[in-house]
Amino acid sequence: DSADYDSETKSVCPFCGVGCQVSLKVKDGKVKYVEGINGPANEGRLCVKGRFGYDYIHHPHRLTKPMIRREDAPPKGLNVDPADLSTHFREASWDEALDFAAGGMAKIAQAHGGKAVAGFGSAKCTNEEAYLFQKLIREGFKHNNVDHCTRLCHASSVSALIENVGSGAVTATFNEIENADVAIVIGANPIENHPVAATYFKQFTKRGGKLIVMDPRGQALKRFAYQMLQFRPGADVSMLNAIMNVIVEEKLYDQQYIDAYTENWDAEKAHLKDFTPEKMAEICGIEPEVLRDVARTFAGAKSAMIFWGMGVSQHIHGTDNSRCLISLALMCGQIGRPGSGLHPLRGQNNVQGASDAGLIPMFLPDYQSVTDDSVRKAFTDVWGSGDFSNEKGLTVTEIVDDIHAGNTRSMYILGENPAMSDPDVDHAREAFAKLEHLVVQDIFLTETANYADVLLPASALYEKSGTVSNTNRQVQMVRPAVAPPGEAKEDWWIEVELAKRLGLGWTYTDPGQVFDEMAINMRSFDNITWERLKTEAVTYPSLSPEDPGQAVVFGDGFPRPEGRAKFTPASVIAPDEAPDAEYPMIMTTGRQLEHWHTGSMTRRSTVLDAVEPEANASLHPKTLRRMGVEPGGMITLTTRRGSITIMARADRAVAEDMVFVPFAYVEAAANILTNPAIDPYGKIPEFKFAAVRVEKA
Ligand code: SF4
């Protein structure tokens with residue numbers, strides 16, 4: 001009952017890219033209850049994370065005061081007790097901490113050049129904060145070594161989309177599945193990772209839509225599927241090329257669409273000749289007749305959509321995987337009409353917005369290339385600053401290598417936890433320990449913050465103002481329901497104060513001013529204003545001040561030369577490391593329903609942590625029996641990078657030669673094991689495939 005609360009505030013869930021709108025009920029300065037409201041993506045629904053995952057914001061581990069590493073602190077490592085930071089850090093005033101943070105970066109830049117200072121921004125912050133972060137690095141240090149977690153999730157998808165359709169965002173909202181009759185979900189587990197989107201997928205099947213699920217791991221959506229293709233890990237390209245081979249051989253493609261809107265079809269067609277279902281079945285493990293049926297079903301659809309997740313993107317051939325999905329949609333003319341389109345399901349709540357805002361080393365806002373002189377000029381004119389480097393910057397994993405090489409000496413990390421999320425994470429942790437100066441701005445002492453020289457206490461999403469953009473391209477406003485604890489501040493304020501101390505002369509006094517500045521050089525924000533967002537969510541592109549936005553784009557051509565999308569053929573590339581006698585099984589990583597990414601928020605949420613309190617790895621029951629391990633027993637997983645001991649869980653959805661490990665648990669960090677080999681285009685690591693040895697502990 002609303003009479004039970006002091007206030008109610010509308011905002012957006014801080015977890016996944018679905019972007020559910022919430023109402024936050026506050027009593028005595030604390031959020032006490034969260035309910036779903038009628039946002040465009042959720043229509044009142046919430047999953048367990050959105051509904052119950054809120055009390056982390058009131059957790060006693062919150063950083064509430066700026067802190068500076070003590071001169072007599074023990075060596076850097078994962079050795080700080082989050083309940084008592086005083087062994088390693090001392091309290092400081094904001095002035096002292098900001099001077100120390102900015103002064104340290106400036107000193108290193110002066111001595112070694114601007115490139116000695118790099119930045120990781122956050123997909124958990126607002127659009128305005130992401131924009132300010134990339135601006136601070138580019139304007140302050142004159143280079144592009146600034147990135148964020150998109151590098152670890154959908155960088156390869158974005159790379160393929162920009163290459164072949166001219167834009168990195170989805171071509172249709174997930175709600176468009178209402179208008180589809182066939183949908184493919186590949187390399188995604190939406191019931192766990194995008195639960196509210198999954199409710200739309202289930203409804204689609206209930207009204208007769210044919211859902212085709214493709215994933216090496218079984219999943220709950222299988223129950224709703226017309227076909228479930230449990231293909232061999234890493235065999236995506238062979239399976240997708242075989243499906244397209246059938247479409248070519250049986251002439252099921254849409255020649256009219258291909259002629260009107262695409263290029264390079266002849267090369268694609270010729271390339272696909274060799275990928276017969278019979279040959280590819282040996283690689284992907286799917287029967288030729290199933291491949292044929294899927295090809296005929298997809299090509300025969302009136303309207304069809306393709307959804308994909310990190311099972312597609314997190315491979316050394318992640319870009320090739322996405323190229324195949326794009327080609328499949330293009331050859332069947334399944335882009336640009338209601339119920340058709342391409343939709344990479346975005347992970348973090350604002351990874352779309354942070355990428356749009358230019359928090360990537362190759363692009364300024366709206367994916368405008370840093371190598372283009374006129375683009376850089378358009379920005380520096382607005383910023384009133386000098387030019388910066390025209391070289392593409394280093395990515396998340398490249399910056400870690402650059403620290404080891406002795407070039408990057410200082411970092412500013414905001415709301416990211418690479419000491420848990422990077423592949424081969426011991427390599428990343430060693431790098432952070434080597435930094436001469438590390439500024440960490442966050443709400444908790446994350447694993448990364450253990451290595452900080454200065455800690456700047458920031459705000460959770462429910463404590464701040466700004467805008468975020470979800471997987472559907474919907475821009476929505478977030479509002480503060482409660483004040484940040486203690487002396488913690490909104491992230492944009494901290495960024496502005498650092499910039500002032502770096503001599504950048506920033507004068508923003510609220511995020512609305514930042515939004516207005518972004519809109520000058522971002523055509524995606526045309527017709528979208530701060531004032532408008534106060535009363536409605538707007539999907540970009542919005543064609544007029546009254547247009548709620550375009551759910552489906554590219555009905556009349558693509559933002560590429562001559563308006564044509566491109567077919568880019570993809571060949572079969574084996575995963576980076578094959579299982580062998582020493583490491584005979586395959587490890588894959590991911591999330592689970594109750595925990596979010598590196599666990600810093602959800603493991604401090606009472607209900608979620610009570611449901612999933614312990615690090616676990618899932619294996620097929622037969623595999624466990626063979627090893628003599630009972631479910632709940634302990635096993636040791638070892639790869640070429642390292643070893644962890646973890647509780648075993650029986651799960652028939654996992655193939656007998658596989659093990660699935662969530663990456664939320666510091667005590668058994670999955671990323672100690674993962675392979676840092678990267679996709680050459682999207683530069684995304686191969687989180688989804690590592691050769692592993694599994695033993696009874
Ligand atoms: Fe939050 Fe995603 Fe769940 Fe919606 S589906 S409540 S955005 S975690």
Do D356 and Q352 meet the criterion of a side-chain donor-acceptor pair at a distance under 3.5 Å? yes
Roughly how far apart are R479 CZ and S465 OG, rounded to 0.5 Å? 9.0 Å
So does A169 get a backbone contact from the side chain of R473, meaning a donor-acceptor N/O pair under 3.5 Å? no
Establish, yes or no, whether the cationic atom of R603 lies under 6.0 Å from the six-membered ring centre of F444 and within 45° of the ring axis. no
Check whether the side chains of H148 and S122 place a donor and an acceptor atom closer than 3.5 Å, and report yes or no. no
Charged N-O contact under 4.0 Å between K65 and E487: yes
Between R45 and T199: side-chain donor-acceptor atoms closer than 3.5 Å: yes
Would you mind reporting whether V475 and V468 have side-chain heavy atoms less than 4.5 Å apart? no
Tell me if a side-chain donor or acceptor on S542 pairs with a main-chain N or O of T539 at a distance below 3.5 Å. no
May I ask you to say whether K27 pairs ionically with D6, meaning some side-chain N is under 4.0 Å from a carboxylate O? yes
Tell me whether K202 at atom NZ has more than 12 heavy atoms from other residues, nucleotides or ligands lying less than 6.0 Å away. yes
Hey, are W506 and E139 close enough side-chain-wise for a donor-acceptor pair under 3.5 Å? yes
Between E517 and Y131, do the side chains contain a donor N or O and an acceptor N or O under 3.5 Å apart? yes
Would you name the heavy atoms of W383 and R138 that are closest together and state the gap between them? CZ3-CB, 4.1 Å
Pairwise side-chain contact, P195 with L593, heavy-atom cut-off 4.5 Å (strictly under): yes
Inter-residue atom distance S23.OG - I37.CD1, 0.5 Å rounding: 6.0 Å
When you measure from the side chain of D147 to the backbone N and O of I360, does any donor-acceptor pair fall under 3.5 Å? no
Report all side-chain donor-acceptor pairs from residues 546-559 shorter than 3.5 Å, counting only partners two or more places apart or in another chain.
unit_1	atom_1	unit_2	atom_2	d
D547	OD1	G549	N	2.9
D547	OD2	L543	N	2.7
D547	OD2	Q550	NE2	2.9

Contact between V370 and F363 at the side-chain level, heavy atoms closer than 4.5 Å - yes or no? no
Does S600 offer a backbone N or O that forms a donor-acceptor pair with the side chain of R604 under 3.5 Å? yes
From CA spacing to verdict: salt bridge (charged side-chain N to carboxylate O under 4.0 Å, His left out), R337, E176: CA-CA 10 Å; R337 289 176 292 104; E176 272 302 309; over 6 Å; no
Contact check, side chains of S340 and K302, non-hydrogen atoms, under 4.5 Å: no
Going by atom types only, do E43 and Y200 share a side-chain donor-acceptor pair under 3.5 Å? yes
Taking S313 for its side chain and S157 for its backbone only, find out whether a donor-acceptor pair lies under 3.5 Å. no
Answer yes if the side chains of Q219 and E192 hold a donor-acceptor pair under 3.5 Å, and no otherwise. no
T509 and Q513 side chains, donor-acceptor separation under 3.5 Å: yes
Checking the side chain of N350 only, and the main-chain atoms of C125 only, is there a donor and an acceptor separated by less than 3.5 Å? yes
Do V18 and R346 make a side-chain contact, defined as non-hydrogen atoms from C-beta onward lying under 4.5 Å apart? no
Below 4.5 Å, heavy atoms only, C-beta onward: do F204 and E178 meet side chain to side chain? no
If only side-chain N and O atoms count, and only distance matters, is there a donor-acceptor pair under 3.5 Å linking T126 with W492? no
Mind checking whether W94 and W493 have ring centres under 6.0 Å apart? yes
Where do N521 and V382 land on the side chain to side chain contact (heavy atoms under 4.5 Å, CB included) test, with the steps shown first? CA-CA 9 Å; N521 275 318; V382 171; 3.5 Å; yes
I'd like to know if K124 pairs up with E129 as an ion pair, taking the criterion as any Lys NZ or Arg NE/NH1/NH2 lying under 4.0 Å from an Asp or Glu carboxylate oxygen. no
Any chance the side chains of N175 and N472 put a donor and an acceptor closer than 3.5 Å? yes
Between SG on residue C13 and OH on residue Y54, distance to nearest 0.5 Å: 13.0 Å
Would you tell me whether T467 and N127 have side-chain atoms, one donor and one acceptor, within less than 3.5 Å of each other? yes
Thinking salt bridges, do E594 and K49 make one under a 4.0 Å N-O criterion? no
Give a yes-or-no answer on whether the side chains of D366 and S524 include a donor-acceptor pair shorter than 3.5 Å. yes
Pair H597, Q348: side-chain N/O donor-acceptor within cut-off below 3.5 Å: yes
Would L414 and F120 count as a side chain to side chain contact (heavy atoms under 4.5 Å, CB included) here? Give the steps. CA-CA 6 Å; L414 191 173; F120 288 172; over 6 Å; no
I want to check something: taking the side chain as every heavy atom from C-beta on, are I57 and V31 in contact at a cut-off of under 4.5 Å? yes
Where the side chain of D609 meets the backbone of S605, is there a donor-acceptor pair that is under 3.5 Å apart? no
Would you find a donor on one side and an acceptor on the other, under 3.5 Å apart, between the side chain of H194 and the backbone of N189? no
Under 3.5 Å, is there a donor on one side chain and an acceptor on the other for S544 and N527? no
Verify the distance criterion only: is there a donor paired with an acceptor across the side chains of Q474 and S469 at less than 3.5 Å? no
Under 3.5 Å, is there a donor on one side chain and an acceptor on the other for N470 and N349? no
Test of ring centre spacing under 6.0 Å for F307 and F174: no
Under the 3.5 angstrom rule, does the side chain of Q334 hit a backbone N or O of G341 as a donor-acceptor pair? no
Check step by step if side chain to side chain contact (heavy atoms under 4.5 Å, CB included) holds for L211 and V185. CA-CA 7 Å; L211 180 68; V185 174; 3.8 Å; yes
Go through the steps for Y56 and T602 under the test side chain to side chain contact (heavy atoms under 4.5 Å, CB included), then give the verdict. CA-CA 7 Å; Y56 70 90; T602 50; over 6 Å; no
Side chains of N42 and Q21: does their closest heavy-atom pair fall under 4.5 Å? yes
Are the aromatic ring centres of F133 and Y412 under 6.0 angstrom apart? yes
For L364, does its backbone N or O pair with a side-chain atom of R376 as donor and acceptor, under 3.5 Å? no
Rounded to the nearest 0.5 Å, what's the gap from CD on E490 to CG on D510? Could you check? 9.5 Å
